[in-house]
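Below is one structure, written out as structure tokens, with a few remarks after it.
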Amino acid sequence: MKLSNFYLFTSKENPSDAHIESHKLMIRAGMIRQASAGIYNWLPFGLLALKKIENIIRKSHYENNINELLMPTIQSADIWKKSGRYEDYGQEMLKFLDRNNSELLYGPTNEEQITDIILKDFKSYKNFPKILYHFQWKFRDELRPRFGVMRGREFLMKDAYSFDVNYENAYLSYAKMFVLYMNIFKSLGLKVLPFNAETGPIGGTLSHEFVVESKTGESEIFFDKRAYDIIYETELSDEKKLKAILENYGNFYCCTLEKHKKEKFEKLVEKKHQIKTRGIEVGHIFYFGTKYSEKLNAKFLDKKGNTKLIHSGSYGIGVSRLVGAIIEANHDSKGIKWPKEVAPYQVLLINVNVNNRISTEFCENFYYKNNKFINILYDDKDDRIGHKLYNADLIGIPIQVIVGERNLLNDNIEIKVRDTNKTYLINKGQLNSFIKEFYEF
Ligand code: 5CA
């Protein structure tokens, strides 16, 4: 993309209503703009980041035989009345009538909707196990929407739902999603810990929250820092290992405020390993057994021909919140530092002076030759170099390639790696291999 074509409007001013760095930077880097309280327009740069994250998540589901579908944003009140949550969910649910006076709602989550889909299809134990998921915008009329996309009223969630014939198998699906989610967060370049958590309005008996440490996070967390040493990588088909990971993880104290017991924490965890801090919840998973299948009558025939209730769990990732969380964990005073895994562009090619024939010729040539293979944002605008470099640090593309006549006359090019803020002068012939090495492709 040429910057002259890109719809990118950055700003130097810190928005007065933004209190955390990720919110300020998302506004200043032209990623989002508020439409109304807790509701945002995703401008092209923001949307690129969101889609990048979405696609990384999608890929790992695809590789593990997990089905993507798409349920609507608008749901019928009928299924929520059956589950009992139409009243229980409270004021966070946005309810309205259509022209025929049918009661509708903007989905805050999808346990009822997905159960209503699968109960028409699952007949026999042979149909199990299955996991389905979608990416969909949710609406929750939060009392205090704040921190930009961190706590929005409208937000993008990736929610998955598992279906099994009994507790043992459902536990396995839960362990599979637990490990899958830890792997996904790692591939997004994020350091995440799972915490024992309350089940809240979703219900159920088993639940974990996935949290990124951050002083500005909304959750209070208490944990044994050795929990970071657990390795979660395993084949998701290896049932024994999956269960072992979930159980082994339980060896370390990791609790959110709701589950935290001060005496237990101090007794079980040596002082030097104790961490009390705050964090951002980027995912939350639940095992709720037959809670919804009972209410909505979702059954199947077992091997002996007996009618049984389906066992389920649900697994959410806050996709739009992740954009904020990634920036919260990766920035400095100048701007964003995208981890290479999720960067909306891989390279920012900066033409120091667009009126200079030598630098322009090099840039155009490099851009047209490589744009198909490397994701390049090409700053071809007629701006002062100071302004270009200021913007480059603000939008945080991992590699800045700075092309000016003076260096080119010595066959050199300047590169700045945004993560370390280190600059390198390299021979122009080595540019491609520098980029390839950096991204390991
Ligand atoms: N149905 C279950 C799991 S699929 C569910 O709704 N879980 S949840 O309520 O915990 O939400 C899942 C994730 O969505 C949270 O971990 C969080 O990352 C994100 N999320 C929840 N509320 C908001 C919000 N108001 N703004 C942004 N993200 C949110």
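Because only heavy atoms are used, hydrogens play no part in the values below, and waters and symmetry mates are left out as well, while side chains stay in. Atoms within a ligand are numbered from 1 in the order they appear, just like the ligands themselves.
For ligand 1, the polar-atom distance check against Gly152 finds a nitrogen or oxygen pair separated by under 3.5 Å. Distances between N or O atoms of Asn110 and those of ligand 1 include no value under 3.5 Å. Looking at ligand 1, you won't find any N or O of Asp159 less than 3.5 Å from one of its N or O atoms. Residue Glu281 has at least one N or O atom closer than 3.5 Å to an N or O atom of ligand 1.
Under 4.0 Å from ligand 1, heavy atoms of His284 appear from its side chain as well as its backbone. Heavy atoms of Arg140 found under 4.0 angstrom from ligand 1 belong exclusively to the side chain. Here Val149 has backbone heavy atoms under 4.0 Å from ligand 1, and that is the only part of it that gets that close. Within the 4.0 Å heavy-atom criterion, the part of Arg321 lying near ligand 1 is the side chain and not the backbone. Using a 4.0 Å cut-off between heavy atoms, Glu209 makes no contact with ligand 1 at all. Only the backbone of Val282 comes within 4.0 Å of ligand 1, counting heavy atoms alone; no side-chain atom from C-beta on gets that close. Contact annotation: for Tyr315 versus ligand 1, heavy atoms closer than 4.0 Å belong to the backbone alone.
Between Ser293 and His311, the side chains place no donor N or O within less than 3.5 Å of an acceptor N or O (distance only, hydrogens not considered). When only modelled atom types and interatomic distance are considered, Lys158 and His61 share a side-chain donor-acceptor pair under 3.5 Å.
Residue Met150 places a heavy atom less than 4.0 Å from ligand 1. Look at Gly283 and you'll find a heavy atom under 4.0 Å from some atom of ligand 1.
Residue Glu111 has at least one heavy-atom neighbour below 4.0 Å for each of these atoms of ligand 1: 1 (N), 2 (C). The contact set between ligand 1 and Ser314, taken as ligand atoms under 4.0 Å from a residue heavy atom, comprises 1 (N), 2 (C), 3 (C), 4 (S). Listed by number with element, the atoms of ligand 1 under 4.0 Å from a non-hydrogen atom of Gly316 are 3 (C), 4 (S).
Between the Ser22 side chain and the Glu328 main chain, no donor and acceptor come within less than 3.5 Å of each other. For Asp302 (side chain) and Lys304 (main-chain N/O), a donor-acceptor pair under 3.5 Å exists by modelled atom type.
Of the listed options Phe288, Phe139, Phe286, Phe155, Phe155 places a heavy atom closest to atom 23 (C) of ligand 1.
For the pair Lys264 and Phe222, the NZ or CZ position fails the cation-pi test of under 6.0 Å to the six-membered ring centre and within 45 degrees of the ring normal. Taking the ring axis of Phe438 as reference, the NZ or CZ atom of Lys340 stays within 45° of it and closer than 6.0 Å to the ring centre. Taking the ring centre of Phe122 as origin, the terminal cationic atom of Lys130 falls outside the region bounded by 6.0 Å and 45° from the ring axis. For the pair Lys259 and Phe195, the cation does not sit on the ring face, since its NZ or CZ is not both under 6.0 Å from the ring centre and inside 45° of the axis.
Listed by chain and residue number, Leu25, Ala29, Met31, Ile327, Trp338 satisfy the side-chain contact (heavy atoms from CB on, under 4.5 Å) test with Ile336 (two or more places apart in sequence, or in another chain). Not counting sequence neighbours, the partners of Leu301 by the side-chain contact (heavy atoms from CB on, under 4.5 Å) test are Thr307.
Of the residues listed (His19, Glu218, His23), the one engaging Arg146 in a side chain to side chain donor-acceptor pair (under 3.5 Å) is Glu218, and it is the only one.
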